Amino acid sequence: MTGQPGRPERPQRYVALLRGINVGGHRKVPMAELRQTLTGLGWDGVRTYLASGNAVFTVEGRSTGELARELEAALAGRFGFSVDCLVRTAGELRAAADACPYPADGDPAKLLVLFLDRAPDAARLAAVDAAAFAPDEFRAGERELYCWFPGGMGRSKLPGALEAACKGRTVTGRNWRTVTALLGMAA
């Protein structure tokens, strides 16, 4: 995102989604240190949500890809391991939530959004045998996969199958409770 030459961009609210930290005893990133890392990058209004790698911050308008790469480099430098990161503007997160095809007013534990770094490959998704995972189901968005688990997602194999279908892309999931909490923090 670029403005007119010589004219500073307006500060904008962003959401960072870190993949695969603080789960299974691997790749520990304490949230206080994550906040320090983001603040050290010059990002303002930094807040984190849960210990699973969710942060909201404000910075002058820049591309989400550039911010994700900057964050990944800072985390690798600080913690000594790589962490895949996705960054969305507050508006992009709102649009993703608004596009959800499943009932958002029900049990938030039954709704999962898989965020991707780029659009999912339609041919690879078509190869996922949806009937094999019924009653669980999914639908593709622009850079999201929406998953609905009427019986709960605890034992479902659907997220793993979808991640496999998105091989080569950065993918990280958030349940609906987390999505709505991040929307509130980013507002």
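What you are looking at is a predicted structure, and each value in this text was computed from that prediction instead of being measured.
Going from atom CG of Leu67 over to atom CD of Glu72 covers 11.0 Å, rounded to the nearest 0.5 Å. Considering CG of Leu182 and CZ of Arg47, their distance stands at 10.0 Å, rounded to 0.5 Å. Thr58 OG1 to Trp43 CH2: the interatomic distance, rounded to the nearest 0.5 Å, is 11.5 Å. Leu86 CG to Leu93 CG: the interatomic distance, rounded to the nearest 0.5 Å, is 11.5 Å. Thr170 OG1 to Arg143 CZ: the interatomic distance, rounded to the nearest 0.5 Å, is 11.5 Å.
Taking hydrophobic clusters as Ile, Leu, Val, Met, Phe, Trp and Tyr residues chained together by side-chain heavy-atom distances below 4.5 Å, Tyr102 does not share a cluster with Leu162. Leu50 and Phe115 fall within the same hydrophobic cluster, defined by Ile, Leu, Val, Met, Phe, Trp and Tyr side-chain heavy atoms under 4.5 Å apart, directly or through other members. Hydrophobic clustering, with ILVMFWY side chains joined whenever heavy atoms are under 4.5 angstrom apart, groups Val171 together with Val128. One hydrophobic cluster, built from ILVMFWY side chains closer than 4.5 Å, cannot hold both Leu116 and Trp148; they sit in different ones. At a threshold of 4.5 Å between side-chain heavy atoms, the hydrophobic network of Ile, Leu, Val, Met, Phe, Trp and Tyr places Met153 and Leu111 in two separate groups.
Residues Leu34 and Leu75 meet the side-chain proximity criterion, which asks for heavy atoms closer than 4.5 Å. Using a 4.5 Å heavy-atom cutoff, the side chains of Asp121 and Arg169 are in contact. The side-chain heavy atoms of Glu142 and Glu144, taken from C-beta on, include a pair separated by under 4.5 Å. Under the 4.5 Å side-chain criterion, counting only non-hydrogen atoms from C-beta, Phe57 is in contact with Val87. Inter-residue side-chain proximity for Val56 and Arg13 is flagged as met; some heavy-atom pair is nearer than 4.5 Å. The shortest side-chain heavy-atom distance between Cys147 and Leu114 falls under the 4.5 Å cut-off. At a threshold of 4.5 Å between non-hydrogen side-chain atoms, the residues Pro108 and Thr180 do not count as touching. Looking at heavy atoms from C-beta onward, Leu71 lies in side-chain contact with Leu18 at the 4.5 angstrom threshold.
The minimum heavy-atom distance between Ala181 and Tyr49, with the atom names listed, is CB-CZ, 3.4 Å. Closest non-hydrogen pair, Ala74 versus Leu41, comes out as CB-CD2, 3.9 Å. The minimum heavy-atom distance linking Val15 with Ala186 is given by the pair CG2-CB, 3.9 Å. Summarising the geometry of Phe138 relative to Ala130, their closest heavy-atom pair is CE2-CB, 4.4 Å, with the distance given to 0.1 Å. Shown here for Ile21 and Gly53, the closest heavy-atom pair between the two residues is CD1-CA, 3.5 Å. Taking all atoms of both residues into account, the shortest heavy-atom contact from Gly141 to Pro120 is O-CD, 4.0 Å.
Taking the charged nitrogens against the carboxylate oxygens, Arg139 and Glu137 do have a contact shorter than 4.0 Å, which makes a salt bridge.
A donor-acceptor contact shorter than 3.5 Å links the side chain of Tyr146 to the backbone of Ala96. Under the 3.5 Å distance criterion, the side-chain polar atoms of Lys110 are left unmatched by any main-chain donor or acceptor of Phe149. Not a single donor-acceptor pair under 3.5 Å links the side chain of Arg88 to the backbone N or O of Leu17. Of the possible polar contacts, none joining the Arg177 side chain to the Ala109 backbone as a donor-acceptor pair under 3.5 Å is found. No side-chain donor-acceptor contact under 3.5 Å links Arg94 to the backbone of Ala90. Between the Gln12 side chain and the Gly61 main chain, no donor and acceptor come within less than 3.5 Å of each other.
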Practice item. Assess whether side chain to side chain donor-acceptor pair (under 3.5 Å) is satisfied between Asp84 and Ser82, documenting all intermediate values. Key: CA-CA 7 Å; Asp84 290 333; Ser82 65; 5.5 Å; no
Exercise for review: Decide side-chain contact (heavy atoms from CB on, under 4.5 Å) for Leu145 and Cys166; before the verdict, give the C-alpha distance in whole Å, the side-chain angles of both, and the deciding distance to 0.1 Å.
Suggested key: CA-CA 10 Å; Leu145 295 174; Cys166 293; 3.8 Å; yes
